[in-house]
Novice: 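Supplied in structure tokens, the structure appears directly below.
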Protein chains: 2
Amino acid sequence: MRAMAETMADRKKAILRAVTDDYISTAEPVGSRTIARKYGLGVSSATIRNEMADLEDEGYLEQPHVSAGRIPSDKGYRFYVDALMPERALTGPEEKTIRAECARRSDEIQSLIRATAKVLGELSNCASVVIGPGVKTAEIRHIQLVPLSSDSVLVLVVTNAGLVEHRVLAIDHEMDPRDLENMSRMLNHRLRGSSLARMRGRVLGEILADLNAYASFLEEMFDLLLSATRSSDQDRVYVDGLMRLLGQPEFNELERARPILEFLESDDLVLTELSGSASRGLGGAYVTIGSENQRQELRECSVVCAPYGVGGQVVGTIAVVGPTRIDYSLVTSLVEYMAESLSDLLARIQSAK
Amino acid sequence: MRAMAETMADRKKAILRAVTDDYISTAEPVGSRTIARKYGLGVSSATIRNEMADLEDEGYLEQPHVSAGRIPSDKGYRFYVDALMPERALTGPEEKTIRAECARRSDEIQSLIRATAKVLGELSNCASVVIGPGVKTAEIRHIQLVPLSSDSVLVLVVTNAGLVEHRVLAIDHEMDPRDLENMSRMLNHRLRGSSLARMRGRVLGEILADLNAYASFLEEMFDLLLSATRSSDQDRVYVDGLMRLLGQPEFNELERARPILEFLESDDLVLTELSGSASRGLGGAYVTIGSENQRQELRECSVVCAPYGVGGQVVGTIAVVGPTRIDYSLVTSLVEYMAESLSDLLARIQSAK
DNA sequence: TTTAGCACTCTGCTGCGCCGAGTGCTAACG
DNA sequence: CGTTAGCACTCGGCGCAGCAGAGTGCTAAA
């Protein structure tokens with residue numbers, strides 16, 4: 001791909017860039033005359049026609065039908081993203097919107113995530129997805145048992161991403177608050193820096209040995225925590241701006257948009273699809289174009305996603321989903337900026353603890 | 001309206017019922033011949049034509065155009081709902097789905113709410129909305145301060161609806177865990193049974209007097225709690241099945257569906273619109289038909305909603321939004337049943353504490 | 001009061017022809 | 001040899017006419 005960036009003639013690149021830019025902003029197939037008129041390349045439309053025919057042969061452009069202009073193919077977009085796309089800095093108002101909206105809500109992580117999804121959707125004019133931090137694999141910063149009443153105890157887990165998870169545990173017989181306090185201290189000592197997922201096994205055995213007076217209570221507690229975290233995974237998904245997709249011309253025919261929207265509405269599918277991106281590491285956005293997507297439903301979409309995290313560790317992902325004609329330049333900057341900003345906010349939340 | 005139920009001739013009622021039933025299930029304007037054939041009223045289509053003309057004069061039916069069949073007007077639906085609609089018990093599979101899905105998730109209230117919205121949407125084949133319990137006006141069952149680290153304290157509020165709200169409060173100088181324990185006890189004593197909304201004023205003054213060594217800390221804590229609850233209000237809204245609306249024939253033209261979907265996607269609007277229904281008290285569903293809706297966006301929709309709660313107190317609302325052609329009989333039962341079931345689950349959660 | 005019959009109306013569909021946009025090809029030009 | 005002008009060709013979108021079907025309202029008879 002990169003090699004081609006070197007080998008393709010400059011004029012061809014310019015034409016491919018012009019076609020892509022124009023199509024991104026107008027959603028209309030673009031003809032040779034338009035290119036010659038709007039983008040001063042100093043050559044006539046006939047020349048451009050020839051080049052466009054070449055570009056089509058090479059698979060960068062395609063024609064919806066013979067007497068229409070050209071539109072970029074997935075391969076064309078890929079080349080555009082890798083080699084042609086202009087660097088786009090966010091404008092003042094955009095940055096301001098992000099800052100304002102996120103700062104206002106940063107007191108509580110759920111609100112922050114929700115606000116992030118909303119702002120991202122608004123600014124990109126597409127659907128947005130945010131995967132919030134999970135509790136399963138996150139590093140435990142604090143774990144505590146709080147006596148609620150004579151027959152229930154609140155189990156509290158605070159992770160390094162600032163996520164506070166709680167579960168209420170019914171108990172048979174009243175427990176001394178001091179015992180709970182002791183257990184909390186012990187649990188903290190053993191589990192801080194570890195994760196719930198890694199907890200089973202060695203650590204669990206040690207804890208039970210230390211606190212074997214309360215073994216059955218603890219067993220129950222861990223089961224509750226683990227089962228709860230399993231089921232609450234889809235609660236990590238926040239989707240916003242679905243309707244904006246319907247505003248895009250390519251989705252005017254409902255039947256084209258339907259499968260995509262249904263996919264995005266199903267939290268668990270979205271979660272599994274996007275959680276793969278976590279492995280790619282922090283910093284930078286990843287673009288997946290049309291047919292590059294694994295899932296059938298997304299074959300007519302592009303996805304721009306970026307993981308965010310704390311302490312160099314990925315805890316979640318944000319993403320924008322739009323037609324392949326999406327404004328890659330803008331959306332990439334946007335997603336990168338917001339992932340960074342989210343990481344920053346989490347770091348600040350974390351350091352406050 | 002009720003009076004009319006008495007005065008309308010039985011045959012006319014039967015015809016109105018037939019037209020409405022048929023239109024609800026087919027979404028096609030229904031003609032006199034159809035009625036005569038499918039619903040054995042023992043009269044010819046001509047007779048039915050006459051009656052239908054009358055019903056149209058009286059405003060219960062309308063004609064999309066002269067050579068089409070009739071469809072119920074909003075007034076017609078209203079009469080149907082008030083006087084004609086068949087009682088519909090939920091089928092075994094339906095009840096089973098509800099139970100299974102809700103029970104599986106009832107360990108944590110957020111999950112429960114989300115699952116409720118999902119199931120409600122699926123079974124009604126419409127969009128569903130669930131307003132979760134809020135923390136502002138709810139009765140406080142437990143309030144506690146948990147020391148997290150040397151410079152932060154976790155404030156925990158458990159309401160009578162089983163909702164657990166938490167906020168992390170940054171502090172200037174370390175506080176003795178025993179002091180926090182004392183404060184927790186005092187706060188519990190003063191606030192249990194009250195609500196955050198009513199907290200300002202008298203109670204607050206007393207507390208500050210009692211604990212005036214920590215006045216500034218407490219002030220800050222209350223501010224945080226109140227501001228947080230204000231901003232987290234829209235986090236109470238769960239919407240599901242938006243896409244199902246697009247499956248309804250009346251919303252095939254995107255432009256008709258758009259404003260509705262956009263309205264439903266905006267959590268705060270939905271919240272204010274539905275929270276009014278809370279005042280109508282527990283038990284039973286409320287139907288709002290087409291033009292009866294205050295909001296312009298919902299003028300082509302019907303909304304079936306029911307509040308749920310604990311201890312006789314309303315804490316939230318569930319609702320189904322669909323075209324005016326919605327299956328009132330099914331949806332009403334569904335909404336009533338689920339509101340009840342939600343109330344039961346909350347009561348169980350509560351009693352466990 | 002009900003029914004049969006009939007003329008009438010209106011929508012949705014289909015087929016036709018036209019327009020315009022854009023191409024590919026060819027031939028000429030520098 | 002690359003570039004350009006000219007031209008024939010293709011094809012989708014649009015408007016229009018005509019047809020079929022569904023359903024009504026009206027009238028007259030039972």
Side-chain angles (χ1 to χ4, degrees), chain A residues 7-16 18-20 22-23 25-73 76 249-250 252-253 256, chain B residues 8-16 18-23 25-73 76 249-250 252-253 256:
Chain A
T7 60
M8 189 187 286
D10 282 349
R11 194 175 61 191
K12 242 183 202 168
K13 287 193 205 168
I15 290 174
L16 180 52
V19 171
T20 312
D22 204 73
Y23 185 63
S25 63
T26 66
E28 299 286 333
V30 10
S32 54
R33 182 191 305 257
T34 311
I35 300 290
R37 219 183 327 115
K38 290 213 313 205
Y39 304 80
L41 299 185
V43 289
S44 78
S45 66
T47 309
I48 294 179
R49 266 204 295 285
N50 287 328
E51 298 276 43
M52 281 166 88
D54 285 358
L55 282 167
E56 187 175 354
D57 286 344
E58 296 162 34
Y60 294 104
L61 293 180
E62 46 196 37
Q63 261 181 313
H65 46 263
V66 62
S67 81
R70 304 301 211 293
I71 63 176
S73 66
E250 33 271 276
N252 255 351
E253 319 134 70
R256 203 171 291 279
Chain B
M8 189 186 285
D10 280 351
R11 194 175 62 190
K12 242 184 200 166
K13 288 193 206 171
I15 290 175
L16 180 52
V19 170
T20 311
D21 281 339
D22 204 72
Y23 186 63
S25 63
T26 67
E28 298 285 332
V30 12
S32 54
R33 181 190 308 255
T34 311
I35 300 289
R37 219 181 327 114
K38 290 214 309 206
Y39 303 80
L41 299 184
V43 290
S44 79
S45 66
T47 308
I48 293 178
R49 268 205 294 286
N50 288 328
E51 298 277 42
M52 280 166 89
D54 285 358
L55 282 167
E56 185 174 354
D57 286 345
E58 294 161 34
Y60 294 103
L61 293 179
E62 46 195 37
Q63 260 181 314
H65 47 263
V66 61
S67 80
R70 304 299 211 293
I71 64 177
S73 66
E250 33 270 276
N252 253 351
E253 318 135 70
R256 203 172 291 280

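Numbers restart at 1 for each chain; the letters A, B, ... are given by sequence-line order, proteins then strands.
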Novice: How close or far is atom P of dG23(D) from atom OH of Tyr23(B), stated in whole angstroms?
Specialist: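 It is 14 Å, rounded to the nearest whole Å.
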Novice: Is the shortest heavy-atom distance from the side chain of Tyr60(A) to the side chain of Met8(A) under 4.5 Å?
Specialist: yes
Novice: Just checking Ser32(A): base, sugar-phosphate only, or nothing, at a heavy-atom cut-off of under 4.0 Å?
Specialist: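 Here Ser32(A) touches the backbone only, sparing every base.
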Novice: Give the first and the last nucleotide of DNA chain C, reading 5' to 3', that has any atom under 4.0 Å from a heavy atom of chain B.
Specialist: dT2(C) to dT11(C)
Novice: Ignoring hydrogens and geometry, is there a side-chain-to-backbone donor-acceptor pair from Ser73(B) to Gly59(B) under 3.5 Å?
Specialist: yes
Novice: Would you mind reading off the distance between Glu51(A) atom CD and dT4(D) atom C1', rounded to a whole angstrom?
Specialist: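 Checked: the CD to C1' distance equals 14 Å.
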Novice: Between Gly42(B) and Val30(A), which has a closest nucleotide on DNA chain C that is more 5'?
Specialist: Gly42(B)
Novice: Taking CD from Glu28(B) and C1' from dA22(D), how many angstroms apart are they, rounded to a whole number?
Specialist: 11 Å
Novice: I want to confirm an ordering. Mapping Val43(B) and Ser67(B) to their closest nucleotides on DNA chain C, which one lands closer to the 5' end?
Specialist: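 On the 5' side of the pair lies Val43(B).
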Novice: For the pair made of CD1 in Ile15(A) and P in dG2(D), what is the distance, rounded to whole Å?
Specialist: 15 Å
Novice: In whole angstrom, what separates Gln63(A)'s CD from dG12(D)'s P?
Specialist: 11 Å
Novice: Under a 4.5 Å cut-off applied to non-hydrogen side-chain atoms, are Asp54(A) and Glu51(A) in contact?
Specialist: yes
Novice: For the pair Gln63(A) (side chain) and Val66(A) (backbone), establish whether a donor and an acceptor sit closer than 3.5 Å, ignoring hydrogens and angles.
Specialist: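 Checking the backbone N and O of Val66(A) against the side chain of Gln63(A), a donor-acceptor pair under 3.5 Å is found.
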Novice: Nearest-Å distance, NE2 (His65(A)) to P (dG13(D))?
Specialist: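 In whole Å, dG13(D) P lies 6 Å from His65(A) NE2.
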Novice: Side chain to side chain contact (heavy atoms under 4.5 Å, CB included) with Pro72(B): which of Asp21(B), Val30(B), Thr20(B)?
Specialist: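 The single option meeting the side chain to side chain contact (heavy atoms under 4.5 Å, CB included) with Pro72(B) is Thr20(B).
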Novice: With sugar-phosphate meaning primed atoms plus P, OP1 and OP2, does Ala46(A) contact a base, only sugar-phosphate, or nothing at under 4.0 Å between heavy atoms?
Specialist: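 Base, at least one base heavy atom under 4.0 Å.
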Novice: Going by side chain to side chain contact (heavy atoms under 4.5 Å, CB included), Pro29(A) matches just one of Ile71(A), Asp22(A), Thr34(A). Which one?
Specialist: Ile71(A)
Novice: On a heavy-atom basis, which atom in Met52(B) and which in Gly31(B) lie closest, and how many Å separate them?
Specialist: CE-C, 4.3 Å
Novice: Just the rounded figure in Å: distance from P of dG23(D) to CG of Asp22(B).
Specialist: 11 Å
